[in-house]
Amino acid sequence: MSQSIDTDTVKAYFLELQHRIVSTLEAFDGKAFMVDPWHRPPTDALCGHGRSCVIEEGDFFERGGVNFSHVQGETLPRAIVDQRPALKGCGFEAMGVSLVLHPRNPYCPTVHMNVRLFVATGGATPVYWFGGGMDLTPVYGNEEDARHFHATCRDALQPFGEDLYPSFKTWCDDYFYLPHRNEARGIGGIFFDDFNEFGFHGDFALTRAVGDAFLAAYLPIVTARRHMPYGERQRDFQQFRRGRYVEFNLIIDRGTLFGLQSRGRTESILMSMPPVAKWRYDWRPEANTDEARLTEHFLVRRDWLADAPAGASTPQSQSVPAPALAGK
């Protein structure tokens, strides 16, 4: 390996990123996050520490968390060995920042972002890879929001190569997909994993660019939509769509599986769950409604930037009457 693995510098960045995001979101919401430091002593061949920052029943966010964790173990969890059989028997060191935010207003989308470093230890040469990305999960789709989110992701990756955004977008579309529903989780974004293409410092720079782009990608959207009126119908549909989010996180998400299989801190791992979700038997929205448009026009693979100029545009605020509550 041409460059040494500098975990101390990466950790310092992750902690600063968590602080910066939490401070900004607290100012936006008006309510402070609960800060929950945790420490796991070296028992059962696993040790670690972290800081969970959680908001519940905020003025804007119904629930959300911005977590930092740093764990070490003597044996790789099954979820990693299944992907990389050659690393069987190695130990590991993993650290990162992961966030999920669930706004109360159904016109404001749920968002997920993660940046992480994983190091397999115990072999002849340490093996590392970075991963991360961000994706947007609207309840009521908005093309302007989708274009802004994807344009910000594209611009963050542009200095590292023209091919990265289309590659990472496809990766995101493939990953955040529920095969048992034949349905995307949301409108995507970017996703990358097992990434070590540019040498350690280059890969870290790319990961920083993704983490640093998050607030610019998300805050203009919720700033523009936060005062849109809504009613019982919109909240009901929001909770139905949140059920899909739960299904993905518990059945498919590699981070959740890694955390649980490595006997990580359950409360921090499951902070991504929405506070309220619903399931119905074979329920479908009425034709020609905003609810139907979500799956017909937004939860499909699209090139959101096909007609968008370079440089992210800012969503414009809207104030529209809430749709009628009938027809649930």
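Atoms considered below: every heavy atom in the structure, side chains included; atoms not considered: hydrogens, waters and symmetry mates.
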Trainee: Taking the basic N atoms (NZ, or NE/NH1/NH2) and the acidic carboxylate oxygens, is any pair closer than 4.0 Å for Arg208 and Glu16?
Mentor: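 Here Arg208 does not pair with Glu16 in a salt bridge, since their nearest N and O are not under 4.0 Å apart.
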Trainee: Going only through I, L, V, M, F, W and Y residues with side-chain contacts under 4.5 Å, is there a path from Tyr177 to Leu294?
Mentor: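 Different hydrophobic clusters.
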Trainee: Using distance alone, with no hydrogens and no angle criterion, decide if Arg241 and Gln238 have a side-chain donor and acceptor under 3.5 Å apart.
Mentor: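 No.
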Trainee: Name the residue from Phe200, Phe160, Phe118 that meets the ring pair (Phe, Tyr, Trp, His ring centres under 6.0 Å) definition with Phe130.
Mentor: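 Result for ring pair (Phe, Tyr, Trp, His ring centres under 6.0 Å) with Phe130: Phe200.
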Trainee: Would you compute the distance between atom CZ of Arg233 and atom OG1 of Thr289 and round it to the nearest 0.5 angstrom?
Mentor: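 These two atoms lie 5.5 Å from each other.
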Trainee: Between Arg51 and Val35, is any pair of side-chain heavy atoms under 4.5 Å apart?
Mentor: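 Answer yes - side chains close enough.
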Trainee: Do Arg280 and Asp236 sit within salt-bridge range, that is, some charged N less than 4.0 Å from a carboxylate O?
Mentor: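 Between Asp236 and Arg280 there is a salt bridge, with a charged N closer than 4.0 Å to a carboxylate O.
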Trainee: Quick check: does any side chain N or O of Asp29 sit under 3.5 Å from a backbone N or O of Asp59, one acting as donor and the other as acceptor?
Mentor: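 The answer is yes, because a donor-acceptor pair under 3.5 Å joins these two groups.
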Trainee: In this structure, which one of Tyr165, Phe149, Phe298 forms a ring pair (Phe, Tyr, Trp, His ring centres under 6.0 Å) with Trp304?
Mentor: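 So the option named by the test is Phe298.
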Trainee: I need the single residue from Phe168, Tyr128, Trp129 that forms a ring pair (Phe, Tyr, Trp, His ring centres under 6.0 Å) with Phe195. Which is it?
Mentor: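 Passing option: Phe168.
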Trainee: Going from CG on Leu250 to CG on Leu270, what distance comes out if it is rounded to the nearest 0.5 angstrom?
Mentor: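 Result: 6.5 Å between the selected atoms.
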Trainee: Quick one: does Ile55's side chain get under 4.5 Å of Leu25's, heavy atoms only?
Mentor: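 They are not in side-chain contact.
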Trainee: Of His148, His297, Arg302, which meets side chain to side chain donor-acceptor pair (under 3.5 Å) against Glu143?
Mentor: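 The single option meeting the side chain to side chain donor-acceptor pair (under 3.5 Å) with Glu143 is Arg302.
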Trainee: Nearest 0.5 Å, please: how far is CE in Met113 from CG in Leu136?
Mentor: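 Reported value, rounded in 0.5 Å steps: 13.5 Å.
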Trainee: Taking 4.0 angstrom as the limit, do Arg225 and Glu144 come out as a salt bridge?
Mentor: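 A salt bridge is present here (some side-chain N lies under 4.0 Å from a carboxylate O).
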Trainee: With a 4.0 Å cut-off, would you call Arg301 and Asp174 a salt bridge?
Mentor: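 A salt bridge is present here (some side-chain N lies under 4.0 Å from a carboxylate O).
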Trainee: Are Phe33 and Phe68 connected in the hydrophobic side-chain network, where two residues link if heavy atoms are under 4.5 Å apart?
Mentor: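 Both belong to a single hydrophobic cluster.
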Trainee: What do you reckon, is NZ of Lys88 surrounded by more than 12 foreign heavy atoms closer than 6.0 Å?
Mentor: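 Count not over threshold, so no.
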Trainee: Enter the distance from Cys172:SG to Lys169:NZ here, rounded to the nearest 0.5 Å.
Mentor: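 One gets 8.0 Å once the value is rounded to the nearest 0.5 Å.
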Trainee: Between Lys31 and Glu57, is there a salt bridge with N-O shorter than 4.0 Å?
Mentor: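 Lys31 and Glu57: not salt-bridged.
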Trainee: Quick check, are the ring centers of Tyr107 and Tyr230 under 6.0 angstrom apart?
Mentor: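 Centroid distance Tyr107-Tyr230: not below 6.0 Å, so no.
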Trainee: Classify the ring geometry between Tyr175 and Phe191 as parallel (under 30°), tilted (30 to 60°) or perpendicular (over 60°).
Mentor: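 It falls in the parallel class, under 30°.
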Trainee: Are Met95 and Phe214 connected in a single hydrophobic cluster, I mean Ile/Leu/Val/Met/Phe/Trp/Tyr linked by side-chain heavy atoms less than 4.5 Å apart?
Mentor: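 Yes, same cluster.
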Trainee: If you measure from CD on Gln239 to CH2 on Trp279, what distance do you get to the nearest 0.5 Å?
Mentor: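 Result: 10.5 Å between the selected atoms.
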Trainee: Before accepting this row, confirm whether a basic side-chain N of the pair Asp212/Arg20 lies closer than 4.0 Å to the acidic partner's carboxylate O.
Mentor: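 So Asp212 pairs with Arg20 through a salt bridge.
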Trainee: Can you check whether Pro106 reaches Tyr140 side chain to side chain, under 4.5 Å on heavy atoms?
Mentor: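 When only atoms from C-beta onward are counted, Tyr140 and Pro106 do touch, with a gap below 4.5 Å.
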Trainee: Quick check: is Val222 connected to Ile21 through a chain of hydrophobic side chains (ILVMFWY, heavy atoms under 4.5 Å apart)?
Mentor: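 Yes; tracing contacts between hydrophobic side chains, which count when under 4.5 Å, links both residues.
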Trainee: With rounding to the nearest 0.5 Å, note down the distance linking CG in Leu206 to CD in Glu197.
Mentor: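 So the CG of Leu206 and the CD of Glu197 are separated by 10.5 Å.
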Trainee: For the residue pair His70 and Phe14, establish whether any side-chain heavy-atom pair is separated by less than 4.5 Å.
Mentor: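 Not in contact.
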